[in-house]
Amino acid sequence: MGNTFAIFGKEGIFCPTYLEGIIHTEFFEKNPFEARDSDAGEWRTTRNIMTELPEELWFVSKDLKYAFDLRWDSQGFFISTEFLNLLLKFEINNFQYTKLHVVNRNNESISSKEYFYVRFYDRLEDVIDMEKSHIEFYKQDGHIKKIWDLQLKKSNTLPDVFLLNNHKLLSILICSEEFKKESEKLNLKGITFVPSNEADVYKP
């Protein structure tokens, strides 16, 4: 694999970087923005393993409209059909997904795009080149404080899209240059590509 890139949310028209809303396993007509016990579950708390996703999910939003293709929210990704099809085209198979209804408080769709909720598993281990990277650690416990320069080990076997099993980078997809080029052909909205070495220092 050649150059790699981190995928970040990019602010744009109907593409806020922060989504103002709440995710439910069903739509509640009364007090739709109120948290419910049924909103919790292993699908939101497990890390790096397969789990059973709800058959459908509802994201009830206070925003007026959405047009993005990728966002991190509720411990997973909200992705459009276009982005999902691109993942499948590149034969990325270490993720689960379920239908996501993106609606307002009246259960009306606020986007012309169809969305899915995605959870990745089998995040990659032992991929960071610790010697070549510039990483700052906490003195108290030795945990990573900041990754100023992320260098990945050279490998021809890395998938075209992957996540690292590192708490500092849990929400950041990393992709190949080939995936980046195909994404740009589709004119996907609300995302930007940054060299992966800047994955923990780039601020959208």
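The first residue of the sequence shown is numbered 1, and numbering continues consecutively from there. FYI, side chains are in, hydrogens and waters are out, and symmetry mates aren't considered; it's all heavy atoms of this structure.
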message: Contact between Asn107 and Glu29 at the side-chain level, heavy atoms closer than 4.5 Å - yes or no?
response: no
query: Can any side-chain N or O of Asn165 pair as donor or acceptor with the backbone N or O of Leu124 at less than 3.5 Å?
result: no
message: Taking the cut-offs as 6.0 angstrom to the six-membered ring centre and 45 degrees off its axis, would you call Arg71 and Phe77 a cation-pi pair?
response: no
query: Do Ser80 and Tyr115 meet the criterion of a side-chain donor-acceptor pair at a distance under 3.5 Å?
result: no
field: Heavy-atom closest pair, residues Phe179 and Asp160
entry: CB-O, 3.9 Å
- line: Looking only at heavy atoms, the pair that brings Ile23 and Phe59 closest together is N-CD1, 4.0 Å
- prompt: So Lys180 and Glu177, salt bridge (charged side-chain N to carboxylate O under 4.0 Å, His left out) or not? Walk me through it.
  reply: CA-CA 5 Å; Lys180 173 180 177 290; Glu177 190 163 9; 6.0 Å; no
- request: For Ile49, look at atom CD1 and say whether over 12 heavy atoms of other residues, nucleotides or ligands are found less than 6.0 Å away.
  value: yes
task: Could you please spell out the steps behind the side-chain hydrogen bond (donor to acceptor under 3.5 Å, both in side chains) verdict for Glu91 and Asn93?
output: CA-CA 6 Å; Glu91 299 183 348; Asn93 55 18; over 6 Å; no
query: Any side-chain heavy atom of Ile7 sitting closer than 4.5 Å to one from Leu70?
result: yes
message: Are Arg119 and Gln75 packed together at the side-chain level, in the sense that at least one heavy-atom pair is separated by less than 4.5 angstrom?
response: yes
- request: Report, as yes or no, whether the 6.0 Å neighbourhood of atom NZ on Lys146 holds more than 12 heavy atoms from other residues, nucleotides or ligands.
  value: yes
- prompt: Heavy-atom count around Lys153 NZ within 6.0 Å, excluding the residue itself: above 12?
  reply: yes
message: Return the CG to CG distance between Leu173 and Leu169, rounded to the nearest 0.5 Å.
response: 11.5 Å
message: If you compare all heavy atoms of His24 against all heavy atoms of Val60, which two are closest, and at what distance to 0.1 Å?
response: CD2-CG2, 3.9 Å
message: Main chain of Glu108, side chain of Asn106: is a donor-acceptor contact present, judged purely on distance under 3.5 Å?
response: no
message: Check whether Tyr66 forms a cation-pi arrangement with Lys113 (NZ or CZ under 6.0 Å from the six-membered ring centre, at most 45° off the ring normal).
response: no
message: Would you say the rings of Trp58 and His101 are close, in the sense that their centroids are separated by under 6.0 Å?
response: yes
- prompt: Is the centre of the Phe68 ring less than 6.0 Å from the centre of the Phe14 ring?
  reply: no
task: Check the angle between the aromatic planes of Phe95 and Phe120 and answer parallel, tilted or perpendicular using the 30° and 60° thresholds.
output: tilted
Pairwise side-chain contact, Lys145 with Tyr138, heavy-atom cut-off 4.5 Å (strictly under): yes
message: Is there a side-chain contact between Tyr97 and Tyr117 in this structure, where contact means two heavy atoms from C-beta onward sitting under 4.5 Å apart?
response: no
Backbone of Ile147 reached by a side-chain donor or acceptor of Asp200 within 3.5 Å: yes
query: Do any N or O atoms from the side chain of Glu11 and from the backbone of Thr17 form a donor-acceptor pair under 3.5 angstrom?
result: yes
query: Is it true that Phe5 and Phe162 have ring centroids separated by less than 6.0 Å?
result: no
Thr98 side chain vs Leu53 backbone, donor-acceptor pair below 3.5 Å: no
message: Could you check whether any side-chain N or O of Asp129 sits under 3.5 Å from a backbone N or O of Gln151, counting only pairs where one atom can act as donor and the other as acceptor?
response: no
task: Would you check if the side chain of Ser74 reaches a backbone N or O of Gly76 as a donor-acceptor pair within less than 3.5 Å?
output: no
message: Quick check: do Thr4 and Leu152 have side-chain heavy atoms less than 4.5 Å from each other?
response: yes
message: Could you go through Arg44 and Asp39, starting from their C-alpha distance and side-chain angles, then the distance that decides it, and tell me whether this counts as salt bridge (charged side-chain N to carboxylate O under 4.0 Å, His left out)?
response: CA-CA 9 Å; Arg44 295 188 73 169; Asp39 298 340; 5.4 Å; no
Asp141 atom CG, over 12 foreign heavy atoms within 6.0 Å: yes
- prompt: Counting only heavy atoms not in Arg123, do more than 12 fall under 6.0 Å of its CZ?
  reply: yes
Lys185 with Glu182: basic N within carboxylate O range, under 4.0 Å: yes
- prompt: Within 45° of the axis and under 6.0 Å from the centre of the six-membered ring of Phe116, does NZ or CZ of Lys99 qualify?
  reply: yes
Student check: side-chain heavy atoms of Asn197 and Trp148 closer than 4.5 Å: no
field: Whether over 12 other heavy atoms sit under 6.0 Å from Glu52 CD
entry: no
query: Quick check: are there more than 12 heavy atoms from other residues, nucleotides or ligands sitting under 6.0 Å from NZ of Lys10?
result: no
message: Is there a side-chain contact between Lys189 and Ile13 in this structure, where contact means two heavy atoms from C-beta onward sitting under 4.5 Å apart?
response: no
task: For atom CD of Gln96, decide whether the heavy atoms of other residues, nucleotides or ligands shown that lie under 6.0 angstrom number more than 12.
output: yes
